[in-house]
Protein chains: 2
Amino acid sequence: MAKAKRTLKWQRDPEGMRLRILEAAKQEFSAHGLAGARVDRIAAKAGANKRMLYYHVGKKDELYLAVLEGAYEKIRNEERGLDLEHLDPPEAIKRLIEFTWNYFLRNPEFLSLLQTENLARAKHLKRSTKVKSMHSPFVEMIRTVVRRGVESGDFQVAVDPVQLYISIAALTFFYLSNSATLSVIFGRDLLAKDAKEERLAHMVGLVLAALTGRSAELFDMVKAPKPRVPQHQPV
Amino acid sequence: MAKAKRTLKWQRDPEGMRLRILEAAKQEFSAHGLAGARVDRIAAKAGANKRMLYYHVGKKDELYLAVLEGAYEKIRNEERGLDLEHLDPPEAIKRLIEFTWNYFLRNPEFLSLLQTENLARAKHLKRSTKVKSMHSPFVEMIRTVVRRGVESGDFQVAVDPVQLYISIAALTFFYLSNSATLSVIFGRDLLAKDAKEERLAHMVGLVLAALTGRSAELFDMVKAPKPRVPQHQPV
DNA sequence: GGAGAAATTAACTCGTTGGATAAATACTGT
DNA sequence: ACAGTATTTATCCAACGAGTTAATTTCTCC
């Protein structure tokens, strides 16, 4: 056969393979946790042989850490584009909340990975040098917004930026990461479209009201579109 | 031997055994998750034979569900003793936050169990009939507090009690359940004594400020050195 | 067109683990 | 003290799963 080169049994593509492995691993680890994840399933999902995981990344633990680091890298990169400096302080906080909320909605595996890692008490993350370095700029970004808010009189109190960020992450993260059990015990579908809108309004209202001290208007402002329908039919 | 009954190879104590098994299982499941938990370790920790688990409770899944139900039962029982009706609304909310926070601090396994169950998307909890029934009274309790607050003029807005409770749980739960990774990325020990006190102050301030619209005073009130001891041993 | 390196497949090892079976031991009522 | 039942121990095993070894296929560069 001169020109029609015989169909190959497999293609070579080290870079692509590595990416497919990491993507498959992300799915698997977020769906089943570290212990529950199956190396063979990852291989299958990546359209690869099990041996490839060890060849391109490493053993299960190392694979897991690589996935985790990649996840952090991704969110911090996107956060960098938030550009809160040019918004007036309440608007900046609102945008930060909305971004965080939407990011978690768009990347549910990130939530699962963090939960998994916390169940392991960050044992793996502690060994990572990469991750520690990329958070201070973000904190400074928030600190600046708060300072500006206090100076302009928009905010009543100079809250610690780390506390504020943890609170924003808490309100969004917890609702989504625990929506399964919460939905069961409260007898509501917390992931329904309406419920999510209501939640976003609640969170923005809560945080801005606390910072500015103008609860009523703020709650109403964001709450406007959806008057209510507080479902409430547990048992 | 008539009186000095020869030392027995083992004592019979079905009730005690069952409790020891459940306790050991709680430890194991919260420490390693569902997939990571080892049946043999549970047996060992309970000072029992592996066969006992199957005899007294059931297979791994059933054991896990039993532990989970027990955990919910325990917290709801304690919450029942909160008695928020007799406090003025802001004080009632403050007590609710403090109780939740302290409960989570005292029962870290509860946090882990919930995380694990949410990673499984509440697959097991959905099969439980017991759990669903015990939450509406609690929601009503909060609803009443909010209504009273609005009527007395203390609160500026009639927030949905479920949203409010989820927010309180979020602020407390997330901080503790994710303290491992947060401590790493922010380079602070979030479980240090000072950090915990600061966090409690922040959360109470945030929520009360949002509800009452008097940020500054409230933040200062709770942020002060140590006005009083909010310890509050529930039940 | 061939040698050596890189990438991929196939097959195997070996400890672990959930669950099962059968036998032994303690307790109860009579 | 004896029979029957409840509780506990002692083994066993088949399946699984992580990681390894060795062979096979493709690529590159000369």
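Numbers restart at 1 for each chain; the letters A, B, ... are given by sequence-line order, proteins then strands.
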Less than 4.0 Å between a side-chain N and a carboxylate O, is that true for Glu28(B) and Arg38(B)? no
Side-chain donor/acceptor contact of Lys60(B) with base of dG19(C) under 3.5 Å: no
Return the value, rounded to whole Å, for the distance between atom CZ of Arg18(A) and atom P of dT8(C). 13 Å
Using whole Å, report how far NZ of Lys59(B) lies from C1' of dA20(C). 10 Å
Using the six-membered ring of Phe138(A), assess whether NZ or CZ of Arg80(A) lies under 6.0 Å from its centre and within 45 degrees of the ring axis. no
Nearest-Å distance for atom pair CG/P, residues Leu53(B) and dT9(D): 11 Å
Is there a residue in residues 33-41 of chain A whose heavy atoms reach under 4.0 Å of DNA chain D, and which residues are they? Ala37(A), Arg38(A), Val39(A), Asp40(A)
Base of dT21(D) paired with side chain of Arg51(A) (donor-acceptor, under 3.5 Å): yes
Could you check whether the side chain of Lys50(B) and the base of dG18(C) have a donor-acceptor pair of N or O atoms closer than 3.5 Å, going by distance alone? yes
Rounded to the Å, how far apart are Leu63(B) CG and dG18(C) C1'? 12 Å
Modelled atom types, side-chain donor and acceptor of Ser167(A) and Arg199(B), under 3.5 Å: yes
Output the single nucleotide from dT8(C), dG19(C), dT20(D) whose closest atom is nearest the side chain of Met52(A). dT8(C)
Within a strict 4.5 Å, meaning less than it, do heavy atoms of the Gln163(B) and Leu206(A) side chains meet? no
Provide, to the nearest angstrom, the distance between the CD atom belonging to Glu15(A) and the P atom belonging to dC27(D). 16 Å
Taking only the side-chain heavy atoms of Tyr55(B) (C-beta and beyond), determine which of dT8(D), dT8(C), dG18(C) contains the nearest atom. dT8(D)
Whole-Å distance between dA7(C) C1' and Tyr54(A) OH? 18 Å
ring-ring contact (aromatic ring centres under 6.0 Å, His included) between Phe174(B) and Phe174(A), worked out: CA-CA 6 Å; Phe174(B) 177 82; Phe174(A) 177 83; 8.5 Å; no
Taking the minimum atom-to-atom distance to the side chain of His56(A), which one of dT8(C), dT9(D), dG18(C) wins? dT8(C)
Atom-to-atom span, CG of Leu19(A) to P of dA7(C) - whole angstrom: 14 Å
Between the side chains of Asn118(B) and Ser177(A), does any donor sit under 3.5 Å from an acceptor? no
Less than 4.0 Å between a side-chain N and a carboxylate O, is that true for Arg95(B) and Glu98(B)? no
Asn49(A) CG to dT26(D) C1', in whole Å, measures 16 Å
